[in-house]
Amino acid sequence: MTNFKSRLQLDQTLYGLWSTLSSPNVAELIGGAGFDWLLFDSEHAPIELADLVSLLRAADRSPSALAVRISWNDEVLIKRVLDLGVQNLFIPFVENADEAQKAVQATRYPPNGKRGLAGATRASSYGRNRNYIEQASENICLIGQIETPEAVENIAEIAAVDGLDGVFIGPSDLSASMGYPGRADHPEVQGMIRNCAEQLNQLGKPAGILAPDELVARRYAKWGYRFIAAGVDASLLVRATDNLLKELLK
């Protein structure tokens, strides 16, 4: 199994970093920091398939497990991203067990799924890895994202889907769908976030989440979240540059 997938099954807290800057130089730079995992966000960042190849290559020497959030739960898109060699895949906006099962099916070759089969892809070292087809499914780590109260109501059914390796809570969309856009810190939103962690821990399914900073990340870890993105590269750069200018102008 991949390092990320195998470690999710242990009682560890895995801290990650979220990347949206679409730059191979940035990917190489932050990849060297040594976070447990590093995610390239192609849902809300201008990262297309060709960009992903450059980002993956740039971060290839990183000790971090590399993950990608795709833009939608689409079997063609899933197929193309997997063919690039991505093993750790985040699927946004999973609302129910059927949608989770759809994502699982898209990651499996027939007869166990619907993934299209190609030979000379980057994932199989362009055909040099003769065992790729047989081993691909066991090496893929699939994470479904829950982002609405409706999805939270279905959390037990979603978590029970065989082949889904973890459930990730999206605080921004969750807060918006609860009527508090941009207010993931609202007590009602935080209450639901904590409830999700409790449910997922009871179900034995690893729980993940995105945190805006270190303090919130530590709070989420205490609540039972086991894979936590503790920051976003763009936000880190904004804070660092803004703080530098403030210090200079004192």
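Computation of the quantities below employed the complete heavy-atom set of this structure, encompassing side-chain atoms and omitting hydrogens, waters and symmetry-equivalent molecules.
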Donor on one side chain, acceptor on other, [X] and [Y], under 3.5 Å:
X	Y	result
Glu48	Ser42	no
Thr20	Asp41	no
Tyr109	Glu134	no
Glu150	Asn154	no
Arg115	Gln105	no

Is a donor on one side and an acceptor on the other found under 3.5 Å between the side chain of [X] and the backbone of [Y]?
X	Y	answer
Asn73	Glu99	yes
Lys5	Glu138	yes
Ser125	Gly127	no
Ser177	Asp173	yes
Ser62	Gly31	yes
Asp165	Leu142	yes
Asn139	Gln135	yes
Thr107	Val104	yes

Walk me through it: do Arg122 and Asp83 pass the test salt bridge (Lys or Arg N to Asp or Glu O under 4.0 Å)?
-> CA-CA 6 Å; Arg122 185 174 185 269; Asp83 284 348; over 6 Å; no
Name each donor-acceptor pair under 3.5 Å that joins a side chain in residues 234-241 to protein atoms two or more places apart or in another chain, with its distance.
from	atom 1	to	atom 2	distance (Å)
Thr241	OG1	Leu237	O	2.8
Thr241	OG1	Val238	O	3.0

Please tell me whether [X] and [Y] are part of a single hydrophobic cluster in this structure, the criterion being side-chain heavy atoms less than 4.5 Å apart.
X	Y	result
Ile47	Leu29	yes
Val53	Ile78	yes
Ile91	Leu49	yes
Met192	Phe93	no
Tyr220	Tyr180	yes

Side-chain touch [X]/[Y], heavy atoms, less than 4.5 angstrom:
X	Y	answer
Arg226	Gln12	no
Cys141	Leu8	yes
Pro149	Leu174	yes
Arg183	Met178	no
Ser19	Leu38	yes
Ile169	Tyr225	yes
Leu210	Phe168	yes
Ile146	Ile155	yes

[atom1]/[X] to [atom2]/[Y] distance, rounded to the nearest 0.5 angstrom?
X	Y	atom1	atom2	result
Ile70	Leu89	CD1	CG	5.0 Å
Asp162	Gln101	CG	CD	7.5 Å
Leu245	Lys250	CG	NZ	12.0 Å
Glu147	Glu95	CD	CD	8.5 Å
Ile228	Phe35	CD1	CZ	12.0 Å
Arg219	Ile193	CZ	CD1	8.5 Å

So, Trp37 versus Phe90, ring centres under 6.0 angstrom or not?
->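 Yes.
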Can the ring centres of Phe227 and Trp18 be said to be less than 6.0 Å apart?
->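 No - the distance between ring centres of Phe227 and Trp18 does not fall below the 6.0 Å cut-off.
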Checking salt bridge (Lys or Arg N to Asp or Glu O under 4.0 Å) for the pair Asp74/Arg80: CA distance, chi angles, key distance, verdict?
-> CA-CA 10 Å; Asp74 177 85; Arg80 298 188 70 190; over 6 Å; no
Looking at every heavy atom in both [X] and [Y], which two are closest together, and how far apart are they?
X	Y	value
Ala45	Ser22	CB-OG, 4.4 Å
Leu164	Ile143	CD1-C, 4.1 Å
Leu55	Pro24	CD2-N, 3.7 Å
Val94	Ala151	O-CB, 3.5 Å
Ala59	Ala27	CB-O, 4.0 Å
Thr13	Ala221	CG2-CB, 4.1 Å

What's the verdict on side chain to side chain contact (heavy atoms under 4.5 Å, CB included) for Arg194 and Glu198, showing C-alpha distance, side-chain angles and the deciding distance?
-> CA-CA 6 Å; Arg194 185 167 190 171; Glu198 292 171 353; 3.9 Å; yes
In sequence, state the C-alpha distance, the side-chain angles, and the governing distance for Arg7 and Asp36, and then conclude on side chain to side chain contact (heavy atoms under 4.5 Å, CB included).
-> CA-CA 10 Å; Arg7 292 181 70 190; Asp36 294 304; 3.0 Å; yes
I would like to know whether Lys114 and Lys102 meet side chain to side chain contact (heavy atoms under 4.5 Å, CB included); could you show each step before the answer?
-> CA-CA 9 Å; Lys114 302 174 66 176; Lys102 174 186 175 184; over 6 Å; no
Do any pairs count as a side-chain hydrogen bond (donor to acceptor under 3.5 Å, both in side chains) and have a residue in residues 200-217, sequence neighbours left out, and if so which ones?
->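 Every side-chain hydrogen bond (donor to acceptor under 3.5 Å, both in side chains) pair that includes a residue of residues 200-217, provided the two are not neighbours, is Glu214-Arg218.
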Is it true that atom CG of Asp242 has more than 12 heavy atoms of other residues, nucleotides or ligands lying nearer than 6.0 Å?
->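 More than 12 within 6.0 Å, yes.
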